[in-house]
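Naming convention: chains lettered A, B, ... in sequence-line order (proteins, then strands); numbering from 1 in each chain.
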Number of protein chains: 2
Amino acid sequence: MPVDEITSIAAPQTVDEFRARLAALGEGLPKRLQQCASHVAGNLDRIAVSTVAEMAAGADVPPSAFMRFCQIMGFSGYSEMQRLFREAYAPGFPDYATRLANLKGGAGGASRLLAEFVEAGRMSLEGLAKSVDEAALSQAVEVLARAGMIHVVGLRRAYPVASYLAYVFEKMSVPAMLHEGAGRLDHRHALRPGDVVLAITFAPYSEETLSIASDARARGVPVVALTDHLSSPLARLSDAVLTVQEVDFGAFRSLSATIAMAITLAVAVGTARGQA
Amino acid sequence: MPVDEITSIAAPQTVDEFRARLAALGEGLPKRLQQCASHVAGNLDRIAVSTVAEMAAGADVPPSAFMRFCQIMGFSGYSEMQRLFREAYAPGFPDYATRLANLKGGAGGASRLLAEFVEAGRMSLEGLAKSVDEAALSQAVEVLARAGMIHVVGLRRAYPVASYLAYVFEKMSVPAMLHEGAGRLDHRHALRPGDVVLAITFAPYSEETLSIASDARARGVPVVALTDHLSSPLARLSDAVLTVQEVDFGAFRSLSATIAMAITLAVAVGTARGQA
DNA sequence: TAGCATATGGAACAAATATTCCAAATTCAA
DNA sequence: TTGAATTTGGAATATTTGTTCCATATGCTA
């Protein structure tokens, strides 16, 4: 039976199915396809970011041979095969805008909302794990661990995070003080040499928070930022910048990832101090 | 100075340089480029596997705007920028599971902690989705939607949740007031017929919160509870009880699931009121 | 408000990439 | 060795994707 008549089964839907099919084809292939199979097996992760020409060159076969390989794997061509890996590489493109539209149309009550927020939270946490800048994180911990007093600043949506940080710092006996926005009264006179400001703000960035941060910087007090983007105005004012992206659901953005980052920071700092 | 005359510096050679340049551009950009910057900052890992059209759509700008963005970042075009990420992302699949494993194995103590908290958060969210009592949830929404004023009470670990609820209620124009523990001063005189108390507390249960709740009940003001167990002392005092269990890591308990429940409650109540 | 500088979107164009096709090469069986 | 069946490579083509350009829109300054 010629290879191009191999009963075409459905294309693999997951990377695992792909692996299985690769194994199933195993030996019985002609030489060039064999080469493709073995090169692919060893370079699964490259498929997402390579062209056919590159993969073919890697397998040391002409592009047309590689195309045949894609077809006997069950795909219509290279593009379709690549799509599988691109999606696996950057998992899930759930389109929240349309889901929200559906939700509004559909029956769904509060439990449906809950499901959406749980999902958004999970994705935010996954995103955090994938995108955290480890260097920035340890730098932040280091700076904070050396602080005489940690001034936690966060208003509006960041306020719950700030208060949570203050709570955990207190539990861990780390000297920290929560700056409340209440009454427009600010405590910047409390900033002393050797202290550190931990500033938290997300778009639209709070004026007060930025102003306290720049004030601190002007006085030579280090600033650690917890914000949403490196391009945040807070980033420029800071000595260490931690970014956390929350997946939003409709107009609403939760705090799962931010809270996870906050507790990590607090516990890491508490631990570092305990050891010193 | 028009953006396309920004002195063209050499293109970033590493992802870190890229980040730095992104941060340096910061504010001064026109709207469309700002959108590009934001979207890119949050989706660095997708660049390797996406087309300009996809990235542009994600940033909600036309492809030509995205091209301009690539150019002011110092690249000749999208292809060149993408090459940086395709090469940088040689290391396997940044699939969540393996990334988590890397973090746990990683050198930095802080990254390890983060991995643990992320994992705990995810598990808490899953638990919440599985165990939610739908009847109690809709009952809580109903009671809150009818309230004249919602009094949000939560101290210590529950305080961040309470302040977050107050924030979201305000955003949704739901009359709500946050009872602060500050100064031992409590606002129970503010409780009026037709109001509702939303009380949040976890073991070890806060005296003050319980006392406000029982006070409210004595006056015939309904109480909605957000707590950790049906057997919580708060449960007995309440007209609707929502329970949320957080998975703890070591001695530390995060708030992912609680926050998810809180935002659900707030949005559901806001929506219900909007419709009425 | 006029006039200038800048930003924007889309259509036209260019380049890269995927895909097909078929003549030539190879293999295998008789 | 011959012929049929299969595999192979590359040239031709189709499709997708990237890039440029410019007319129009927008915002700013005087």
**Report entry** d(CD, B:Gln35; P, C:dA7) in whole Å
**Finding:** 14 Å
Using a cutoff of under 3.5 Å, can you pull out all pairs of nitrogen or oxygen atoms linking the protein to nucleotides 24-29 of chain D, with atom names and distances?
none

Report task. Mind calculating the distance between CE (A:Met55) and P (C:dT17) to the nearest angstrom? Result -> 15 Å
Query raised in the report: Separation of B:Arg83 atom CZ from D:dT17 atom C1', in whole Å?
Result: 16 Å
Query raised in the report: Between atom CZ in B:Phe66 and atom P in D:dT20, what is the gap in whole Å?
Result: 15 Å
Query raised in the report: Can you check the A:Gln34 CD to C:dT27 P distance for me, whole Å?
Result: 15 Å
Query raised in the report: What is the distance from CE of A:Met81 to C1' of C:dT17, rounded to the nearest Å?
Result: 15 Å
**Report entry** Gap between atoms CZ and C1', on A:Phe69 and D:dT8 respectively (whole Å)
**Finding:** 17 Å
Query raised in the report: Does CE in B:Met123 sit with more than 12 non-hydrogen atoms of other residues, nucleotides or ligands closer than 6.0 Å?
Result: no
Query - Exam field: side chain B:Gln82 to backbone B:Ser50, donor-acceptor pair closer than 3.5 Å - result: yes
**Report entry** Residues that A:Thr51 engages under side chain to side chain contact (heavy atoms under 4.5 Å, CB included), provided they are two or more places apart
**Finding:** A:Ala53, A:Glu54
Query raised in the report: Of the candidate nucleotides D:dG9, C:dA7, D:dT7, which contains the atom at the shortest distance from the side chain of B:Pro30?
Result: C:dA7
**Report entry** B:Arg86 side chain vs B:Ala48 backbone, donor-acceptor pair below 3.5 Å
**Finding:** yes
Query - Backbone N/O of A:Ser124 and side chain of A:Gln245: donor-acceptor pair under 3.5 Å - result: no
Report task. Find out whether B:Arg68 and B:Ile72 are in side-chain contact, i.e. whether some heavy atom of one side chain is under 4.5 Å from a heavy atom of the other. Result -> no
Query - side chain to side chain contact (heavy atoms under 4.5 Å, CB included) against A:Val143, all qualifying residues, sequence neighbours excluded - result: A:Val196, A:Pro222, A:Val224
Requested in this report: With B:Phe66 as reference, evaluate B:Arg32, B:Met81, B:Gln71, B:Gln35 under the side chain to side chain contact (heavy atoms under 4.5 Å, CB included) test and give the passing residue.
Outcome: B:Met81
Requested in this report: Write down the distance between CG (A:Leu33) and P (C:dT26), rounded to a whole number of angstrom.
Outcome: 17 Å
Query - Angle of first-five versus last-five pair axes in the helix from C:dT1-D:dA30 to C:dA30-D:dT1, to 10 degrees - result: 20°
Query raised in the report: Can you find a pair of side-chain heavy atoms, one from A:Arg83 and one from A:Phe75, that are under 4.5 Å apart?
Result: no
Please tabulate, one pair per line, each protein N/O and nucleotide N/O from nucleotides 18-21 of chain C that are separated by under 3.5 Å, including the distance.
residue	atom	partner	partner atom	Å
C:dA18	OP1	A:Val52	N	3.3
C:dA18	OP2	A:Val52	N	2.7
C:dA18	O3'	A:Ser79	OG	2.9
C:dT19	OP1	A:Ser79	OG	3.3
C:dT19	OP2	A:Tyr78	N	2.4
C:dT19	OP2	A:Ser79	N	3.2
C:dT20	OP2	A:Gln71	NE2	2.9

Query raised in the report: Would a 4.5 Å heavy-atom cut-off, applied to side chains only, mark A:Met55 and A:Tyr78 as touching?
Result: yes
Report task. With sequence neighbours left out, write down each residue that passes side chain to side chain contact (heavy atoms under 4.5 Å, CB included) with A:Gln139, or none if nothing qualifies. Result -> A:Ala240
